[in-house]
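Heads up: the structure comes next, in structure tokens.
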There are 2 protein chains.
Amino acid sequence: MPKARLTPASVTEAGAELVDEVGFDNLSMGLLAERLGVKTPSLYKHVASQAELAHRIAVLAMTEAGDAIRDAIQGRSGSDALAAGAQAMRTYVREHPGRYAAANATRPTGPDDPFIPASERVMASWAAMLSGYDLDPGQKIHAMRTLRSVLHGFATLETAGGFQIDASVDDSFTWLVNFIDQGLRAGPASGSDAAR
Amino acid sequence: MPKARLTPASVTEAGAELVDEVGFDNLSMGLLAERLGVKTPSLYKHVASQAELAHRIAVLAMTEAGDAIRDAIQGRSGSDALAAGAQAMRTYVREHPGRYAAANATRPTGPDDPFIPASERVMASWAAMLSGYDLDPGQKIHAMRTLRSVLHGFATLETAGGFQIDASVDDSFTWLVNFIDQGLRAGPASGSDAAR
DNA sequence: AGCTAAAGGCTAACCGCATTAGCCACAGCT
DNA sequence: AGCTGTGGCTAATGCGGTTAGCCTTTAGCT
């Protein structure tokens with residue numbers, strides 16, 4: 001009964017939807033096959049292995065997240081760009097926790113891995129956003145890493161249920177973004193005495 | 001040939017050492033058994049399952065990390081306490097990436113899970129450290145979450161190899177800690193216009 | 001000092017899940 | 001109509017976690 005008409009892309013997309021529902025650790029070929037109305041071994045006609053599937057999902061996630069962040073920053077600058085970009089990233093991770101987990105579990109497989117340009121596009125958006133602040137060129141890399149650390153850390157802690165319910169997580173995120181904004185505005189001074 | 005003399009604690013400790021070497025994803029009962037000079041099924045006389053083993057490792061990790069942070073903060077305050085505590089946490093994660101991953105993969109199993117007091121002790125250290133800054137009481141929770149986010153995010157990105165080699169990761173961490181310190185010193189002002 | 005029972009090791013077996021091998025039907029081209 | 005490649009399927013393999021049941025050593029008791 002040839003009916004399913006699967007392709008590597010459609011399998012990846014279905015895998016991405018599934019992984020957001022069941023979590024990265026619970027992703028299995030059997031579950032995905034069932035979802036697609038097909039027997040497990042049939043999937044291997046479209047993806048080489050579960051590892052490759054996870055990698056494809058990771059690339060998809062990076063691409064989608066990169067687009068979301070770029071679009072959010074588009075047309076804004078400074079504090080507005082930071083707030084919009086940070087919110088876009090947080091929203092993406094909340095809506096696609098499985099894909100984000102897949103992206104975090106992935107390491108580039110080689111120099112021509114499409115995961116590399118996908119993540120570079122994310123980096124480029126953050127860099128563009130940071131250029132709206134008056135930072136010393138030598139500090140830009142540190143600011144970038146700090147920014148990535150907070151956003152990544154917040155997003156993973158949030159999806160892992162790491163925050164108790166005492167206070168609004170939304171408020172905390174707003175506070176966090178504002179905190180970063182203020183620090184970046186304080187600019188060069190914040191790093192000049194780094195050797196304190 | 002009864003020779004091994006294993007206990008739940010010794011199995012957990014060996015598991016912790018192993019997981020730091022091979023990574024959380026590659027932890028297996030077979031590997032641990034081999035390490036202990038025993039056949040796989042024998043481990044089940046000491047731990048109920050691999051999940052329980054991982055959970056015990058997680059509790060151990062939280063306890064050790066909590067101790068390290070408390071000791072680092074001990075006798076210091078303000079910026080010094082922040083720098084020492086942050087460095088202690090980063091060092092712990094770098095030296096024990098597998099245990100830290102185990103801790104992150106763990107959710108409390110119930111109200112009397114020893115994982116809960118263990119993580120509360122970590123929180124208490126951070127809270128004590130933050131009390132060295134002049135923060136509005138209502139903002140303390142946000143500052144805490146922001147602090148946890150950066151430190152957790154930096155540590156996980158670092159161990160995952162998420163930072164390229166262009167610039168020193170040590171320098172970035174120093175910059176990050178300094179950035180947070182400056183922001184916390186700026187104090188109440190940094191949150192007062194959170195609704196911007 | 002010998003007896004007994006629990007502790008803790010072992011082998012054999014089970015099960016789920018990823019993966020592979022080999023088969024077969026249908027679609028499109030000639 | 002026949003040929004061939006695509007994409008499905010069933011059957012089988014192998015690994016890793018887990019369970020069942022056996023057997024020896026050892027601690028404790030009398």
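Every chain is numbered from 1 and lettered A, B, ... according to where its sequence line falls, protein lines coming before strand lines. Note that the structure is predicted; figures quoted are calculated from it, not measured.
- Taking atom NZ of residue K39(B) and atom P of nucleotide dG21(D), one finds them 22 Å apart after rounding to whole Å.
- For R148(B), there are no side-chain hydrogen bond (donor to acceptor under 3.5 Å, both in side chains) partners at least two apart in sequence or on another chain.
- For R5(B) and dA27(D), the CZ to P distance is 7 Å, given to the nearest whole Å.
- A salt bridge does not link D113(A) with R107(A): every distance from a Lys NZ or Arg NE/NH1/NH2 to an Asp or Glu carboxylate oxygen is 4.0 Å or more.
- Between E21(A) and R35(A) a salt bridge is recorded (basic side-chain N to carboxylate O distance below 4.0 Å).
- For residues 40-55 of chain B, proximity to DNA chain C is found at P41(B), S42(B), K45(B), H46(B), defined as any non-hydrogen atom under 4.0 angstrom from a strand atom.
- H55(A) is linked by a ring-ring contact (aromatic ring centres under 6.0 Å, His included) to nothing, counting only residues two or more places apart in sequence or in another chain.
- The CE atom of M29(B) sits 13 Å away from the P atom of dG9(C) (whole-angstrom rounding).
- If you measure from atom CG of L31(A) to atom P of dG16(C), you get 15 Å, rounded to the nearest angstrom.
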Evaluate the criterion ring pair (Phe, Tyr, Trp, His ring centres under 6.0 Å) for residue pair Y100(B) and Y92(B); output intermediate values, then yes/no. CA-CA 8 Å; Y100(B) 190 67; Y92(B) 184 82; 7.6 Å; no
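- One atom, CG of D25(B), and another, P of dG16(D), lie 14 Å apart when rounded to the nearest Å.
- Which of dG9(C), dG7(D), dG17(D) sits closest to the side chain of S28(B) comes down to dG17(D).
- Side chain to side chain, S79(B) and R185(B) meet the donor-acceptor criterion of an N or O pair below 3.5 Å.
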